[in-house]
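Residue numbering restarts at 1 for every chain, and letters A, B, ... go by the order of the sequence lines. These numbers come from a predicted model, not from an experiment.
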Amino acid sequence: MADEKLTTQAENFSEWYNQVVLRAEMADYSPVRGCMVIRPYGWSLWENIQQSLDRRFKATGHVNAAFPMFIPMSFLEKEKEHVEGFSPELAVVTHGGGQKLEEPLVVRPTSETIIGYMYSQWIKSYRDLPVLINQWANVVRWEMRTRLFLRTLEFYWQEGHTAHATEAEAREETRRMMDQYCNFAIEDAAIPVIPGRKSETEKFAGAIESISMEAMMGDAKALQSATSHFLGQNFAKAFDIKFLDQSNILQYAWTTSWGLSTRFVGAIIMTHGDDQGLVLPPKLAPIQVVIVPIARSDADRSKVMPVVEQVAGELQAHFRIKVDDRTEVTPGFKFNDWELRGVPLRLEIGPKDIDKGVVTAARRDIPGRDGKSTLSMDQLAAQVAELLTEIHASMYDKAEAFRDAHIHDPKDYDALKEVVQEGWAFSWWCGSRECEAKIKEETKATTRCIPFHQPEGEGRCIYCGQPAKERVYFARAY
RNA sequence: CGGGGUGUAGCGCAGUUGGCAGCGCACCGCGUUUGGGACGCGGGGGUCGACGGUUCAAGUCCGUCCACCCCGACCA
């Protein structure tokens, strides 16, 4: 249990992040280097993320399935760019049952290969398409440097893998799923995200085109918070996913893959958190409303608790609530405790409230007295619903205002060098690998995405001055 | 994998010239408390990261190793 002040974001953002994750009991370090334990409170948030996304996947025609976590090494090697991209970070099983394996098994870093193999078995006709499968799974990438939720050796995610008869349909799917992610981020997580295309160097190993949504964290660094890949026929050719079309011509299928991981928990923490701790978006928060009874004496308790029970009874039909009836800690302690844990709305019920026939509400997104108001006892659920909606909107607005204040339009390269130290640059770029590499080398800022919404006209590359057709976000990233 | 740092109770740390392993918080018990991190009294809890060496004696000195954190390179 937390007992002292957090390191502030201004003092040390990384340290703040670690302390919040640990003290709010989202996660803990594990005995295995680079792996984390996701604790019940953190997992509950992830479950809400899962439900929110799964609903969208189902609504767009997808179904869930489960594929093995072990993949024959030879599968990875079938797609050249894929194996080159992933081989440095593979965990490989060489022994099983006390015997050396004939062929090593890779612990999946992602499942395009094994799913591609299965698709080749299942898809024979245009009538079999599209195949729209998602799986919720854990994957392993042997990263050098890890950070809770943001980069761990093992992480949880969903990976959608689809196969289509035409290029256009597969490209449309790639975009559709990114739209779903953006809708989820904005509507449920209150995170303003920018969707766009990845540069050639930043794209997924084996993809023709990758798109991502990028979010700005509280330290103005960028976090890629979901990706969607148009794989063309690369994996279809590597795994022989072929079908007969309506004209009886054998065709390779067009495939996509898209994913969002537990990293998104980190995005929520770093987008909304403040010096008091977590600030969780109401739609995803494990606990949406915490009720703190305030009772000085036994007499107070017998007066307060029936009202608390009544309020809890009314609200629990509509919200995820928690009654904090601990007697061993003071109300002040509880206030700080639930603020650390990011509960969006706190209701305080004490003798003074009961005398006036009200409850006191405290909004997590507005610290201190300004966030407090009194609610009348009638239509309480409706008032709470309205407050939660307002909290969501104000969290989004605040995050968006912060983001926009940290996106710059540098006049020249010297200016870009400066602005990417404390924000993002939105600049014209000629599209060349060389300029991108130089900027990265000299500023640590990488291209995040080429947003779908482009300004009119053309410009000149911020680095080389050559004509440029598109603007790109440059930023330091997690 | 390069650079830096840290390993002593669950957490944060102190431990002087080598000489009985300590403090604060947390935890347990009792009592008083409770509208923004309560207080008193009494308790429990330790292979001092590991291994080896020096010494009458090592948390402390020497060596080797390990783990974790931070900064880089790489990455969702």
Query raised in the report: Is the shortest side-chain N/O distance from A/Thr446 to OP1 or OP2 of B/rC74 below 4.0 Å?
Result: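 Answer is no, no contact under 4.0 Å.
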Requested in this report: Considering just the side-chain nitrogens and oxygens of A/Lys198, establish if one lies under 4.0 Å of OP1 or OP2 belonging to B/rC75.
Outcome: no
If you measure from the [atom1] atom in [N] to the same atom in [M], how many Å do you get, rounded?
N: B/rG19; M: B/rU55; atom1: C1'; value: 12 Å
N: B/rA21; M: B/rG45; atom1: P; value: 15 Å
N: B/rA73; M: B/rG10; atom1: P; value: 37 Å
N: B/rC20; M: B/rU54; atom1: P; value: 23 Å
N: B/rC71; M: B/rU8; atom1: C1'; value: 27 Å
N: B/rA58; M: B/rA50; atom1: P; value: 15 Å
N: B/rG59; M: B/rC23; atom1: C1'; value: 16 Å
N: B/rC70; M: B/rC25; atom1: C1'; value: 25 Å

Sugar-phosphate, base or nothing in reach of [X], heavy atoms under 4.0 Å:
X: A/Thr110; value: nothing
X: A/Ser14; value: sugar-phosphate
X: A/Leu260; value: nothing
X: A/Lys334; value: nothing

Listed nucleotide nearest any side-chain atom of [X], set [options]:
X: A/Pro351; options: B/rG36, B/rC70, B/rG35; value: B/rG35
X: A/Arg346; options: B/rA38, B/rG36, B/rC69; value: B/rG36
X: A/Glu143; options: B/rG35, B/rG37, B/rC75; value: B/rC75
X: A/Phe333; options: B/rG37, B/rC69, B/rC75; value: B/rG37
X: A/Asn18; options: B/rC75, B/rC70, B/rG35; value: B/rC70
X: A/Thr330; options: B/rG37, B/rA38, B/rG35; value: B/rA38

Given 3.5 Å as the limit, does a donor-acceptor pair link the side chain of [X] with the main chain of [Y], or not?
X: A/Glu159; Y: A/Ala137; result: no
X: A/Arg364; Y: A/Val279; result: no
X: A/Trp429; Y: A/Ile462; result: no

Requested in this report: Would you check if there is a donor-acceptor pair between the side chains of A/Thr256 and A/Thr162 at a distance under 3.5 Å?
Outcome: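 The criterion, which ignores hydrogens and geometry beyond distance, is satisfied for A/Thr256 and A/Thr162.
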**Report entry** Atom pair CE/CD1 of A/Met178 and A/Ile211 - distance to nearest 0.5 Å
**Finding:** 5.0 Å
Report task. Nearest 0.5 Å please: distance from the CZ atom of A/Arg56 over to the CG atom of A/Asp54. Result -> 11.0 Å
Under 4.0 Å between a side-chain nitrogen and a carboxylate oxygen: does that hold for [X] and [Y]?
X: A/Arg175; Y: A/Glu172; value: no
X: A/Arg346; Y: A/Asp337; value: no
X: A/Glu214; Y: A/Lys198; value: yes

Base partner of [N], which must satisfy Watson-Crick or wobble distances under 3.5 Å:
N: B/rG42; result: B/rC28
N: B/rG35; result: none
N: B/rC65; result: B/rG49
N: B/rC75; result: none
N: B/rU17; result: none
N: B/rU60; result: none

Query raised in the report: Looking at RNA chain B, which of residues 278-311 of chain A put a heavy atom within less than 4.0 Å of it?
Result: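 Hits under 4.0 Å, by residue number: A/Ile294, A/Ala295, A/Arg296.
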Requested in this report: Within residues 201-230 of chain A, find the residues that approach RNA chain B with a heavy atom at under 4.0 Å, and present them sorted by residue number.
Outcome: A/Gln224
Query raised in the report: Taking only residues two or more places apart in sequence, or in another chain, which ones meet A/Glu154 in a salt bridge (charged side-chain N to carboxylate O under 4.0 Å, His left out)?
Result: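 A/Glu154 satisfies salt bridge (charged side-chain N to carboxylate O under 4.0 Å, His left out) with no other residue.
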In whole angstroms, how far is the [atom2] atom of [N] from the [atom1] atom of [X]?
X: A/Ile349; N: B/rG35; atom1: CD1; atom2: P; result: 16 Å
X: A/Lys372; N: B/rG35; atom1: NZ; atom2: C1'; result: 7 Å
X: A/Leu340; N: B/rG37; atom1: CG; atom2: P; result: 16 Å
X: A/Asp275; N: B/rG37; atom1: CG; atom2: C1'; result: 16 Å
X: A/Glu89; N: B/rC75; atom1: CD; atom2: P; result: 8 Å
X: A/Leu150; N: B/rC69; atom1: CG; atom2: C1'; result: 15 Å
X: A/Glu339; N: B/rG36; atom1: CD; atom2: C1'; result: 8 Å
X: A/Arg363; N: B/rG36; atom1: CZ; atom2: P; result: 21 Å

Report summary line: The answer to which of A/Ala477 and A/Glu348 contacts RNA chain B further toward the 5' end, by nearest nucleotide, is A/Glu348
**Report entry** Check: B/rG37 base within 3.5 Å donor-acceptor of A/Asp337 side chain
**Finding:** no
Query raised in the report: When you measure from the centre of the six-membered ring of A/Tyr41, is the NZ or CZ of A/Lys322 under 6.0 Å away and within 45° of the axis?
Result: no
Requested in this report: Compare all side-chain heavy atoms of A/Val20 with those of A/Met26 and state whether any distance is below 4.5 angstrom.
Outcome: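 Result no, sub-4.5 Å side-chain heavy-atom pair not found.
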Report task. Starting from the C-alpha separation in whole Å, work towards a yes-or-no answer on side-chain hydrogen bond (donor to acceptor under 3.5 Å, both in side chains) for A/Thr60 and A/Gln180. Result -> CA-CA 9 Å; A/Thr60 45; A/Gln180 295 296 318; 5.1 Å; no
